[in-house]
Amino acid sequence: MALTGTVAGDFGLGMPMTVLLDEGAITVSEGLSPTGRTQKNYAFAAPVKVGDIVELFNNTALTYENTGGLPVMRKPRDDGNSAGVYGRIVMIDVPKRVPAEGEDTTALADRLTKGYLRLATVEILGLKGANAFEVKQNSSNALAVGAAGKLSPEFASGVATGYIKVVGSGGTLPMRSFHYIAAGAGSQPALLGVF
């Protein structure tokens with residue numbers, strides 16, 4: 001049975017959050033407008049629309065600084081980088097910037113720095129809340145986006161310091177990071193979600 005046009009039972013799936021959408025490589029071409037004028041067109045390799053399911057994913061470009069503190073989500077892929085956190089798109093905005101002729105891009109880091117990702121409101125499944133924290137990363141393990149069991153309070157002389165630290169396993173906080181932190185990066189900001 002097709003669900004097109006049905007509304008019964010549509011009560012939202014989770015906490016709404018503003019995210020950036022990575023829709024894959026961008027290709028720019030020239031085409032005709034409805035009035036017959038030449039115009040620039042661009043296409044995403046993996047476009048999404050309102051109602052689609054998207055996922056958090058791990059990528060070294062997804063730092064707090066590179067993303068402006070926002071999570072980045074994409075159409076689910078079977079590439080081993082899924083963070084196991086999903087959501088449904090409720091609303092999509094226009095991109096901050098549109099690529100120019102010859103600005104085709106395949107690298108996520110380029111799409112982030114050039115402002116090509118669209119903003120969206122996504123209902124994140126199971127998310128109870130999120131907040132930015134300073135995370136101490138002095139270990140040899142990077143903090144991957146969405147990794148569970150990797151965060152614990154930091155203690156000094158048996159008292160919490162106010163920092164959250166990355167651990168190899170057995171983290172005591174029910175949080176997952178929306179941002180990547182490299183191994184040995186020291187104190188870095190990250191948006192942490194409670195699930």
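- Contact check for V135 versus L192: side-chain heavy atoms found under the 4.5 Å cut-off.
- Annotation: side chain of P153 is in contact with side chain of T172 (closest heavy-atom distance under 4.5 Å).
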Worked check of side-chain contact (heavy atoms from CB on, under 4.5 Å) between L62 and L108: CA-CA 9 Å; L62 299 179; L108 173 58; 3.8 Å; yes

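- Taking NZ from K136 and NZ from K165, the interatomic distance works out to 10.0 Å, rounded to the nearest 0.5 Å.
- Residues L56 and V166 fall into different hydrophobic clusters, defined by Ile, Leu, Val, Met, Phe, Trp and Tyr side chains chained together at heavy-atom separations under 4.5 Å.
- For R176, there are no side-chain hydrogen bond (donor to acceptor under 3.5 Å, both in side chains) partners, not counting sequence neighbours.
- One finds the OG1 atom of T105 at 4.0 Å from the CG atom of D110 (value rounded to the nearest 0.5 Å).
- Minimum heavy-atom separation, M17 to L191: CE-CD2, 3.8 Å.
- For the atom pair CG (L32) and CZ (R37), the distance works out to 12.0 Å, reported to the nearest 0.5 Å.
- Residues T27 and Y42 are not in side-chain contact: their nearest non-hydrogen atoms beyond the backbone lie 4.5 Å or more apart.
- Hydrophobic clustering (ILVMFWY, side-chain heavy atoms < 4.5 Å, transitive): F178 and L173 are in distinct clusters.
- Looking only at side-chain heavy atoms (C-beta outward), Y86 and P76 come within less than 4.5 Å of each other.
- Between Y64 and A132, the closest heavy-atom pair is OH-CB, 3.9 Å.
- Using modelled atom types and a 3.5 Å distance limit, the side chains of Q137 and S139 yield a donor-acceptor pair.
- Between L125 and F195 the shortest side-chain heavy-atom distance does not fall below 4.5 Å.
- Within a 6.0 Å radius of OH in Y163, no more than 12 heavy atoms belonging to other residues, nucleotides or ligands are found.
- Judged by distance alone, the side chain of K75 and the main-chain N or O of P47 form a donor-acceptor pair under 3.5 Å.
- With a 4.5 Å cut-off on side-chain heavy atoms, V194 and L127 do not count as touching.
- No donor-acceptor pair under 3.5 Å is formed between the side chain of R111 and the backbone N or O of D22.
- Using a 4.5 Å heavy-atom cutoff, the side chains of V28 and N41 are not in contact.
- Of all heavy-atom pairs spanning L143 and S177, the tightest one is CD2-CB, 3.7 Å.
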From CA spacing to verdict: salt bridge (charged side-chain N to carboxylate O under 4.0 Å, His left out), R118, E23: CA-CA 9 Å; R118 296 193 290 170; E23 298 174 88; 2.7 Å; yes

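- Nearest heavy atoms, A160 versus F155: N-CD2, 3.4 Å.
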Worked check of side-chain contact (heavy atoms from CB on, under 4.5 Å) between V19 and L70: CA-CA 6 Å; V19 306; L70 294 174; 5.8 Å; no

Intermediate values then yes/no, side-chain contact (heavy atoms from CB on, under 4.5 Å), N81 and N59: CA-CA 7 Å; N81 293 319; N59 186 291; over 6 Å; no

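- Sorted by first and then second residue, the side chain to side chain donor-acceptor pair (under 3.5 Å) pairs with a member in residues 179-188 read T67-H179, E134-S187; sequence neighbours excluded.
- Going from atom OG of S33 over to atom NZ of K40 covers 14.0 Å, rounded to the nearest 0.5 Å.
- Note that CG of L119 and CG of L20 are 5.5 Å apart. Values are rounded to the nearest 0.5 Å.
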Verdict with supporting geometry, V72 and L21, side-chain contact (heavy atoms from CB on, under 4.5 Å): CA-CA 6 Å; V72 178; L21 294 174; over 6 Å; no

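- Between G170 and S152 the shortest heavy-atom distance is O-OG, 4.3 Å.
- Applying side-chain hydrogen bond (donor to acceptor under 3.5 Å, both in side chains) to S82 and the options R74, E55, R77 leaves one that passes, E55.
- Side-chain atoms of I92 and V50, non-hydrogen and from C-beta on, do get closer than 4.5 Å to each other.
- When every heavy atom of V145 is checked against every heavy atom of A83, the shortest pair comes out as O-CB, 3.3 Å.
- Judged by distance alone, with hydrogens and angles left aside, the side-chain atoms of N66 form no donor-acceptor pair with the main-chain N or O of T63 at under 3.5 Å.
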